[in-house]
Visitor: 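Please find one structure pasted underneath; my questions will follow.
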Amino acid sequence: MTTPDSLFEFGRQQRAGSTAPLAERMRPRNFDEFVGQEHILSADRVLRRSIAADRLPSFILWGPPGTGKTTLARLVATVTEAHFEPVSAVTSGVADLRRIVAEARDRQGMYQRRTILFVDEIHRFNKAQQDVILPHVEDGTVTFIGATTENPSFEVNAPLLSRCRVFALQALTGEEVASIVGRALEDGQRGLGELNLSLEAEALDHLVNIANGDARVALNALETAAFAISSDPSGGDAITVEVISDALQRRSPLYDKAGEGHYDTISAFIKSVRGSSPDGALYWLARMLEAGEDPLFIARRLVILASEDIGLGEPQALPLAVAAQQAVHFLGMPEARFPLAEATVFLATAPKSNTAYMALERALADVRGKPNDPVPLHLRNAVTGLMRAMDYGKGYRYSHDYTGHFVEQEYLPPSLRDARYYFPAPQGKEREIEERMREWWGGDAANQAESA
């Protein structure tokens, strides 16, 4: 059932007329016009069935910009018999939410009519604002729909998130963006059909590529290019790749330095270095630099990688990573990208070893899980007469007094006499370490990782 309050957006579009941006004018008016997101909107999926039955659960739409989150919520407004109350987290506050909840309670009591509260950009609400919604979602006063580009796990309070289903929208495919662009060119009522323009194949490919799955970016660039062509009497009626390039300028990276894009991209970078893929590591490094990531943040991750994942397989990795961090701090951007690239390639192509890290983890497990026995007397430092009288340091053998600067003695508490923590890896510089350990401690002292 279509109600006056559910048509809020389309009436606004009609009032705006041709002054509204093309992306706004071309918003789908029904589900037949909606492009993409078949994984949640095909007829047999739970969300589509819930919409058709007008029995919506509270849910959150999560996805990149320009994938249809707000449009989908507005389509819900055209089919639901519930009162639809849209707000933007950018411009609304606690007072607005309390007013909406009070009106919803009255509406429910007097008319037995449900209220759907749609909050666009829900990640913009702080904890206190989200807490205002929570009890009224829980008791059914409102059905909540949120839209966000940020991972709800980070941006939505856990109690509110637990009461909502999360539907993840995906970036549109190239074919889907091309379909939306083609429809805008042909539509004479809401689109650019009256201009009788064509889009060269190369220009369409470039537009789709740079739009990066964002229909809004594609439509806004198309509109800019169309008006540039139509205002030039000598320009013809074909939009060329040069015109599209001028309208687009450059791709806007899907990256938020405080959000999931930040964490996902640095994760891909770390895994590429760890996996010995210099090409993968350089690609993700380039993505971060292009998006404006703090180069010192990247440098710190390289220092961690050098210790955790390269370690003693290539002992020069750590000093080189620290040198890169110092160079980044000294140079600043854009030159800082050079030492970052050098360190990235060096670490990605170095022999990998996490033996020092794993050795510490084993030692920590014993420290936390077993009795902390006193330091053996022969390892204690006797700095006073009383300490010497109590046999501090008695029996300690000074390594440099012996051939090869080594003498076998016990360095662990008696209860951990047979404990082993460090097992050299059989590659990189650790092959030499394994040989030395075998020479010092015998065949049983090295290369026993399987027993750890």
Side-chain angles (χ1 to χ4, degrees), residues 63-67 149-151 154 168-177 202 205-214 217-218 221 241 244-245 248-311 313-314 316-318 320-329 331-354 428:
T67 53
T149 58
E150 304 299 324
N151 190 327
F154 301 141
L169 279 67
Q170 300 170 353
L172 299 178
T173 66
E175 292 78 10
E176 289 166 347
V177 173
E202 187 179 359
D205 289 344
H206 185 60
L207 176 61
V208 168
N209 176 51
I210 300 299
N212 208 28
D214 188 328
V217 168
V241 68
I244 283 293
S245 297
L248 280 166
Q249 293 300 316
R250 61 179 290 182
R251 187 197 306 269
S252 297
L254 293 177
Y255 192 90
D256 181 347
K257 288 190 285 182
E260 193 185 21
H262 164 85
Y263 295 107
D264 286 350
T265 309
I266 194 63
S267 176
F269 175 72
I270 291 167
K271 290 178 171 66
S272 298
V273 173
R274 181 183 296 138
S276 300
S277 172
D279 297 321
L282 285 169
Y283 173 77
W284 297 115
L285 173 64
R287 281 273 292 264
M288 289 188 288
L289 293 176
E290 184 70 6
E293 181 60 84
D294 180 3
L296 281 172
F297 167 75
I298 303 171
R300 286 191 292 271
R301 291 308 316 183
L302 287 169
V303 173
I304 295 169
L305 277 162
S307 300
E308 180 180 355
D309 294 298
I310 288 84
E314 174 47 82
Q316 289 303 309
L318 181 57
L320 187 139
V322 171
Q325 186 272 335
Q326 291 296 309
V328 168
H329 181 73
L331 294 173
M333 288 295 286
E335 289 82 0
R337 68 188 190 274
F338 303 137
L340 286 175
E342 179 183 345
T344 294
V345 172
F346 185 90
L347 268 58
T349 56
K352 304 301 186 294
S353 173
N354 69 345

Visitor: For residues Lys352 and Ile310, report the shortest heavy-atom separation together with the two atoms involved.
Guide: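 Reported closest heavy-atom pair: CD-CG1, 3.8 Å.
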Visitor: Tell me, please, which residues at least two apart from Arg274 pass salt bridge (charged side-chain N to carboxylate O under 4.0 Å, His left out).
Guide: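 By the salt bridge (charged side-chain N to carboxylate O under 4.0 Å, His left out) rule, Arg274 matches Asp309.
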Visitor: Between Arg337 (side chain only) and Pro334 (backbone N and O only), is there a donor and an acceptor less than 3.5 Å apart?
Guide: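 The answer is yes, because a donor-acceptor pair under 3.5 Å joins these two groups.
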Visitor: Quick one: closest heavy-atom pair of Ala211 and Ala218, and the distance?
Guide: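 In terms of heavy atoms, the two residues are closest at CB-CB, 3.8 Å.
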Visitor: Would you please name every residue forming a side chain to side chain contact (heavy atoms under 4.5 Å, CB included) with Glu335, sequence neighbours left out?
Guide: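 In terms of side chain to side chain contact (heavy atoms under 4.5 Å, CB included), with neighbours along the sequence ignored, Glu335 is linked to Leu331, Phe338.
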Visitor: Checking Ser267 now: which residues fulfil side chain to side chain contact (heavy atoms under 4.5 Å, CB included) with it, not counting sequence neighbours?
Guide: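 Partners of Ser267 under the side chain to side chain contact (heavy atoms under 4.5 Å, CB included) test: Lys271.
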Visitor: Does some side-chain heavy atom of Leu296 sit less than 4.5 Å from a side-chain heavy atom of Asp294?
Guide: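 With C-beta onward as the side chain, the pair touches.
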Visitor: Let's go through Val273 and Arg301 carefully: what are the C-alpha distance in whole Å and the side-chain angles of both, what is the deciding distance for side-chain contact (heavy atoms from CB on, under 4.5 Å) to 0.1 Å, and is it a yes or a no?
Guide: CA-CA 11 Å; Val273 173; Arg301 291 308 316 183; over 6 Å; no
Visitor: Measure the shortest side-chain to side-chain distance between Ile298 and Val328 over non-hydrogen atoms and say whether it is less than 4.5 angstrom.
Guide: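 No, too far: nothing below the 4.5 Å cut-off.
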Visitor: For Ala268, what residues pass the side chain to side chain contact (heavy atoms under 4.5 Å, CB included) criterion, not counting sequence neighbours?
Guide: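 With sequence neighbours excluded, Ala268 shows a side chain to side chain contact (heavy atoms under 4.5 Å, CB included) to Trp284, given in chain and number order.
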Visitor: Looking at every heavy atom in both Leu207 and Ala221, which two are closest together, and how far apart are they?
Guide: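 Smallest heavy-atom distance, with atoms named: CD1-CB, 3.9 Å.
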Visitor: As an exercise, state the distance from CZ of Arg300 to CD1 of Ile266, rounded to the nearest 0.5 Å.
Guide: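 CD1 of Ile266 is found 10.0 Å from CZ of Arg300.
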Visitor: Under the side-chain contact (heavy atoms from CB on, under 4.5 Å) rule, what do Gln316 and Leu320 come out as? Steps first, then yes or no, please.
Guide: CA-CA 6 Å; Gln316 289 303 309; Leu320 187 139; 5.7 Å; no
Visitor: Looking at every heavy atom in both Gly280 and Ser277, which two are closest together, and how far apart are they?
Guide: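 Heavy-atom minimum between the residues: N-OG, 3.0 Å.
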Visitor: With heavy-atom distances below 4.5 Å as the criterion, would you say the side chains of Glu314 and Phe346 are in contact?
Guide: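 With C-beta onward as the side chain, the pair touches.
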Visitor: side-chain contact (heavy atoms from CB on, under 4.5 Å), that's the test. Do Leu340 and Leu289 meet it? Break it down for me.
Guide: CA-CA 10 Å; Leu340 286 175; Leu289 293 176; 4.1 Å; yes
Visitor: Checking Ser353 now: which residues fulfil side chain to side chain donor-acceptor pair (under 3.5 Å) with it, not counting sequence neighbours?
Guide: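 With neighbours one apart ignored, the set is Thr355, Glu430.
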Visitor: Can you name the closest pair of heavy atoms from Ala171 and Pro64 and give their distance?
Guide: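 Nearest pair, atom of Ala171 first, then Pro64: N-CG, 4.1 Å.
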Visitor: Of all residues at least two apart in sequence or in a different chain, which pass the side chain to side chain contact (heavy atoms under 4.5 Å, CB included) check with Ala306?
Guide: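 Ala317, Leu318, Ala321, Leu347.
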Visitor: Identify the heavy atoms of Ser272 and Ala281 that sit nearest to each other, and give their distance.
Guide: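 Smallest interatomic distance, heavy atoms only, reads CB-N, 3.4 Å.
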Visitor: I'd like to know if the side chain of Glu308 and the backbone of Leu305 have a donor-acceptor N/O pair within less than 3.5 Å.
Guide: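 Answer holds: no.
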Visitor: Out of curiosity, Thr67 OG1 to Glu176 CD, how far, rounded to the nearest 0.5 Å?
Guide: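 Here the rounded value is 10.5 Å.
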Visitor: Can you name the side chain to side chain donor-acceptor pair (under 3.5 Å) partners of Ser307, sequence neighbours left out?
Guide: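 For Ser307, no residue satisfies side chain to side chain donor-acceptor pair (under 3.5 Å) once neighbours in sequence are set aside.
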